[in-house]
Protein chains: 2
Amino acid sequence: MRRPVESPPAKRRPAKPRRAAARVPAAKPYHHGDLRRVLIDAAMQLVGEGGPEAVSVREAARRAGVSPGAPFRHFPSRDALMNAVAEEAQRRFRAEIETALAEGPVDPLGRFRCLGIAYLRWALRNPTHFEVISTRRIFDHDRSAGVSSDNAELIALTERTLAEAFSAGQIGTADLKQVRIAGRALVYGFARMHIDGHLPRWGVAEAEAERMAAGIIDLFIAGLARGTSPAAKV
Amino acid sequence: MRRPVESPPAKRRPAKPRRAAARVPAAKPYHHGDLRRVLIDAAMQLVGEGGPEAVSVREAARRAGVSPGAPFRHFPSRDALMNAVAEEAQRRFRAEIETALAEGPVDPLGRFRCLGIAYLRWALRNPTHFEVISTRRIFDHDRSAGVSSDNAELIALTERTLAEAFSAGQIGTADLKQVRIAGRALVYGFARMHIDGHLPRWGVAEAEAERMAAGIIDLFIAGLARGTSPAAKV
DNA sequence: ACCTGAACACCGTTCAAGT
DNA sequence: ACCTGAACACCGTTCAAGT
């Protein structure tokens with residue numbers, strides 16, 4: 001958890017050019033301008049480099065070229081900073097899913113599939129950012145209005161899509177709550193297996209992760225769809 | 001990540017009774033006896049109380065009644081201590097699963113189901129210990145012979161069970177690798193949703209978590225089994 | 001052989017003082 | 001209004017010195 005000796009590349013403050021003879025009204029030799037934004041970006045970068053726990057307020061401050069105490073004028077705590085990072089990540093995540101859905105098929109079950117594929121696609125390509133928005137302790141979902149509303153939106157979307165698929169007779173099972181939780185557990189589990197480095201142990205190489213993701217989603221959906229036919233149980 | 005002011009209950013060294021007039025050969029007023037064991041137990045307890053990141057070497061030392069440097073005579077680093085904790089947890093996990101399996105049904109698909117139920121039962125009841133053995137960064141699986149061999153055993157068991165179920169005609173799909181990865185993603189995902197506090201958002205209360213776990217496992221298995229009947233695809 | 005206690009380099013966080 | 005810089009209480013880790 002604590003970095004022993006290594007400590008990241010740590011560009012020792014990039015010698016911020018300090019505008020010689022600052023008399024222009026827009027000059028900011030002391031005040032930073034938009035430190036809040038800069039700190040979030042620095043933290044996002046740190047997350048990308050070494051995962052959520054690689055974020056330290058001091059390192060973010062260093063990269064922003066300010067003193068260790070400065071960030072606390074904008075965020076009351078490290079957790080609050082992580083919160084802002086999570087909101088940023090969640091926004092990107094949701095945007096990509098909605099784009100995929102807009103370009104995808106129109107039948108409900110097809111949309112459900114598309115939802116799962118887009119979910120895993122983003123999670124597999126942005127593992128550290130995905131980790132930030134899903135791991136408790138890194139920040140508390142319930143304490144962030146932005147993240148949880150974005151998330152509730154996704155949950156509701158899943159719910160609607162499945163209900164439509166059922167009405168359209170594309171799904172056999174009646175217990176839709178169970179179906180959507182199983183579906184979510186499936187994709188979340190696969191995403192986390194990736195994050196937590198389990199996939200190699202299960203014989204899935206990095207390069208085939210996305211294909212496997214599609215495979216298990218289709219397997220799951222096939223299981224649901226088969227329930228439709230009057231085959232019942234022999 | 002860093003605890004600000006709170007700091008755990010922290011029994012300020014429990015005044016270890018120091019055996020008046022130590023002249024018995026077995027007396028250990030200075031040497032601890034089995035510090036290694038005591039440190040692991042303390043760390044296990046800390047994990048139980050506040051999750052993996054609540055473990056600090058210093059706090060474990062405090063609870064063991066030794067100085068901050070003492071643990072490093074037994075573990076080269078905090079990670080090594082976490083490793084020992086993970087091995088302990090993994091051993092308990094595996095033991096419980098094997099017990100359940102020994103008492104369970106004999107048909108392959110029934111055993112597969114039993115495997116999943118036992119997995120989630122333990123994970124739901126020991127969330128923090130489960131977190132230790134599954135989350136990367138807390139310790140690296142590949143660096144621990146004990147944990148990964150225990151784990152490989154479980155993977156192999158899943159593989160055998162599924163192969164038998166297929167041979168017995170209990171499963172329709174031929175792609176068994178896909179099936180076992182989907183199965184694992186399902187249970188791992190549900191376990192992590194619990195750990196990460198997602199379940200309430202999905203309408204699953206703590207009390208009904210185990211029932212829901214059984215529900216999604218059965219749903220998944222039903223999907224596999226239905227593929228068996230000659231109903232094919234209408 | 002094992003443990004102590006003081007060190008060192010890191011954190012998060014606070015706060016008076018500066019601009 | 002925003003930032004600095006020194007402080008404080010925590011870490012992990014090392015190491016001479018003690019038993």
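Labels below follow one simple rule: chain letters A, B, ... track the order of the sequence lines, proteins then strands, and each chain is numbered from 1.
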Q: Give a yes/no answer on whether the side chain of A:Arg73 brings an N or O atom under 4.0 Å of OP1 or OP2 in D:dC3.
A: no
Q. Considering only C:dC3, D:dC3, C:dC11, which nucleotide approaches the side chain of A:Arg58 most closely?
A. C:dC11
(Q) What's the closest nucleotide to the side chain of A:Ser67 if the choices are C:dG12, D:dG12, D:dC3? (A) D:dC3
**Q.** Nearest to side-chain heavy atoms of A:Phe72, which nucleotide of C:dT13, D:dT4, C:dG5
**A.** C:dT13
Q: Locate the shortest heavy-atom distance separating A:Val132 from A:Val85; write the atom from each residue and the value.
A: CG1-CG1, 4.3 Å
**Q.** salt bridge (Lys or Arg N to Asp or Glu O under 4.0 Å) partner of A:Arg125, chosen from A:Glu210, A:Glu96, A:Glu206
**A.** A:Glu210
Q. Whole Å only: how far is the CG atom of A:Leu39 from the P atom of C:dG12?
A. 12 Å
**Q.** Strand partner of C:dT4, provided both Watson-Crick or wobble distances fall under 3.5 Å
**A.** D:dA16
Q.
Check the phosphate of C:dC11 against A:Arg62, side-chain N and O only, distance under 4.0 Å to OP1 or OP2. Yes or no?
A. yes
Q: Compare the minimum distances between each of C:dC3, C:dC11, D:dC3 and the side chain of A:Ala70, then state the nucleotide with the smallest one.
A: D:dC3
Q) Taking atom P of D:dC2 as reference, at what distance in whole Å does atom CZ of A:Phe75 sit? A) 13 Å
Q. To the nearest angstrom, how far is A:Arg78 atom CZ from C:dC10 atom C1'?
A. 14 Å
Q. In whole Å, what is the span from the CG atom of B:Leu81 to the P atom of D:dC11?
A. 14 Å
Q. From the list D:dC3, D:dT13, C:dC2, which nucleotide is the closest neighbour of the side chain of A:Leu35?
A. D:dC3
Q. Is there a donor-acceptor contact under 3.5 Å linking the side chains of B:Arg192 and B:Thr135?
A. yes
Q: Determine the interplanar angle of the B:Phe93 and B:Phe130 rings, folded into 0 to 90°, and report it as parallel if under 30°, tilted if 30 to 60°, perpendicular if over 60°.
A: perpendicular
Q | Whole-Å distance separating the CZ atom of A:Arg36 from the P atom of D:dC2 | A | 12 Å
(Q) Expressed as a whole number of angstroms, how long is the span from B:Asp34:CG to C:dA1:C1'? (A) 14 Å
(Q) Please find the pair of heavy atoms, one from A:Leu35 and one from A:Ala70, that lie closest to each other, and give the distance. (A) CD2-CB, 4.1 Å
Q: Could you tell me which nucleotide pairs with C:dA9 by Watson-Crick or G-U wobble geometry, both distances under 3.5 Å, or answer none if nothing does?
A: none
(Q) Measure NE2/A:His74 against P/C:dT13 and give the value in whole Å, please. (A) 15 Å
**Q.** Value in whole Å for how far the P atom of C:dC11 lies from CD of A:Glu59
**A.** 7 Å
Q) If you check every side-chain atom of A:Ser77, which of C:dT13, D:dT13, D:dT4 has the closest atom? A) C:dT13
